[in-house]
Amino acid sequence: MDGAELVQMLSNNIGILNITLGNIVMICVGLLLVYLAVKKNYEPLILLPIGATAILVNLPLQTLTEPPHGLLYLVKTYLIDTEVVPLLIFLGLGAMTDFGPMIANPKSLLLGAAAQIGVFIALITAITLGFNLKEAASIGIIGGADGPTTIYLTVKLAPHLLAANAVAAYSYMALVPLIQPPVIKALTSREERRIRMKQLRPVSKTEKVIFPLVTMVVAGFLVPSAIPLIGMIMIGNLFRESGVVERLSKAASEELMNIVTIFLGLGIGSTMRAELFLRPATLMIIGLGALAFASATAVGVLFAKIMNLFVKEKVNPMIGAAGVSAVPMSARVVQKLASEEDPGNYLLMHAMGPNVAGVIGTAIVAGVFLSLLG
């Protein structure tokens, strides 16, 4: 073997000789996500596997993402691209969700719907920046603060943006405690933040069982494209509320949810290769995601303030911020701010109404986008 052949063999088999600046940048991005998950406890269940996988796929000469047998290629192709994982996450989410606060206070549905306006603000802004309509819709849905819905819609409309959209969605969900309080405080007075609300009425088991069934039927009649998302979350919720399939409810909310979350992190992380992720569009998407999230928060608060002009029993405007579907983080942020102003003010359950309504609202908006653009 002569010297040239030896050099070529080493080049083909030693990773460090093939590393690029892009690989180094993305490894640093992966390390940052791991840091946020481990040190700051920001959405660790999803950011940790995404970050670790982002490091893995940017190691030179790795074959995990190579077709037809690379493990990460198979996960993305058969579990993410087919929407299996996002839909199963909605099944598990339904088994974990209590819609009681929303049923007890139907006005919270309006607050959850109002927050979706932030999605359209980001969509319009994305179009002005040069994204096409399908791309803009997939970016705008980040404002709903619902990672599985973002992934589901992006795979359908703009799969080439999957990595950037997913990372933006889950990053901003993790940063809820940092992003929302300044927006809320800027739009409310101290007196408004101190408004107390009456205790919610008890919700019967019958109401809780009927709700998912009625929601599935109504959504199917009005927005058929939303049925995959709405149907899965409502079936999961029916498992929870029926009280007769505790094993299924537990499996959906625990074992199944844990398994599909792992696959989600692996699948999204596998798309964070330097050649796919390091584009000018990625930076714009990160910025648009912040706009979508902040504007959804702001619109929810402002709508609650407008609502107070027409109702006898005032609502605390802060609960409008929980209309984004970052469950239950947004509701906890509202409770924390309320406690800071008045330690005896308990708004958590009131905020959970708009919070879970936001999950439904975001799924409906995604269905509308699919019916118009898919």
So do the side chains of [X] and [Y] get within less than 4.5 Å of each other, counting heavy atoms only?
X	Y	answer
Ile46	Met173	no
Leu347	Met197	yes
Phe99	Glu241	no
Val167	Phe277	yes
Leu111	Met307	yes

Practice task
Output, in order, the C-alpha distance, side-chain angles, deciding distance and verdict of side-chain contact (heavy atoms from CB on, under 4.5 Å) for Lys208 and Asp98.
Solution key: CA-CA 9 Å; Lys208 290 186 175 183; Asp98 179 8; 3.3 Å; yes
Which distance, rounded to the nearest 0.5 Å, do you find between the [atom1] of [X] and the [atom2] of [Y]?
X	Y	atom1	atom2	answer
Ile16	Leu61	CD1	CG	11.5 Å
Leu161	Thr150	CG	OG1	12.0 Å
Thr154	His160	OG1	NE2	9.5 Å
Ile142	Thr149	CD1	OG1	12.0 Å
Asn165	Leu157	CG	CG	10.0 Å

Grab the two heavy atoms, one from [X] and one from [Y], that are nearest each other, plus how far apart they are.
X	Y	answer
Leu123	Ala137	CD1-CA, 3.7 Å
Met352	Pro328	SD-CB, 3.9 Å
Thr271	Lys76	CG2-CE, 3.2 Å

Exercise for the section: Start with the C-alpha distance between Glu313 and Lys107, add both sets of side-chain angles, then the distance that settles salt bridge (Lys or Arg N to Asp or Glu O under 4.0 Å), and finish with yes or no. Expected result: CA-CA 12 Å; Glu313 296 181 3; Lys107 292 195 296 291; 5.9 Å; no
Hey, does the side chain of [X] reach the backbone of [Y] with a donor-acceptor pair shorter than 3.5 angstrom?
X	Y	answer
Ser253	Met96	no
Gln62	Asn58	no
Asn132	Glu135	yes
Ser371	Val368	yes

Problem - Residues that, via side-chain heavy atoms closer than 4.5 angstrom, fall in one hydrophobic cluster with Phe310 - result: Ile306, Leu309
Handout entry: CZ (Arg247) with more than 12 external heavy atoms under 6.0 Å
Key = no
Handout entry: More than 12 heavy atoms from other groups under 6.0 Å of CD on Glu246
Key = no
If Ile, Leu, Val, Met, Phe, Trp and Tyr residues are connected whenever their side-chain heavy atoms lie under 4.5 Å apart, and connections chain through other members, are [X] and [Y] in the same group?
X	Y	value
Leu266	Leu74	no
Met257	Val84	yes
Val327	Leu348	no
Val85	Tyr73	no
Ile124	Phe369	yes

Practice task
Please collect all side chain to side chain donor-acceptor pair (under 3.5 Å) contacts where either partner lies in residues 337-356, sequence neighbours excluded, each pair once.
Solution key: Arg190-Glu341, Arg193-Glu341, Arg196-Asp342, Gln335-Ser339, Lys336-Glu340
Throw together a table of side-chain donor-acceptor distances under 3.5 angstrom for residues 216-240, partners on residues two or more places apart or in other chains.
| residue | atom | partner | partner atom | Å |
| --- | --- | --- | --- | --- |
| Asn237 | ND2 | Gly94 | O | 3.4 |
| Asn237 | ND2 | Thr97 | O | 2.7 |
| Arg240 | NE | Thr97 | O | 3.3 |

Practice task
Examine the side chains of Thr20 and Asn23 and answer whether a donor and an acceptor come within less than 3.5 Å of each other.
Solution key: yes
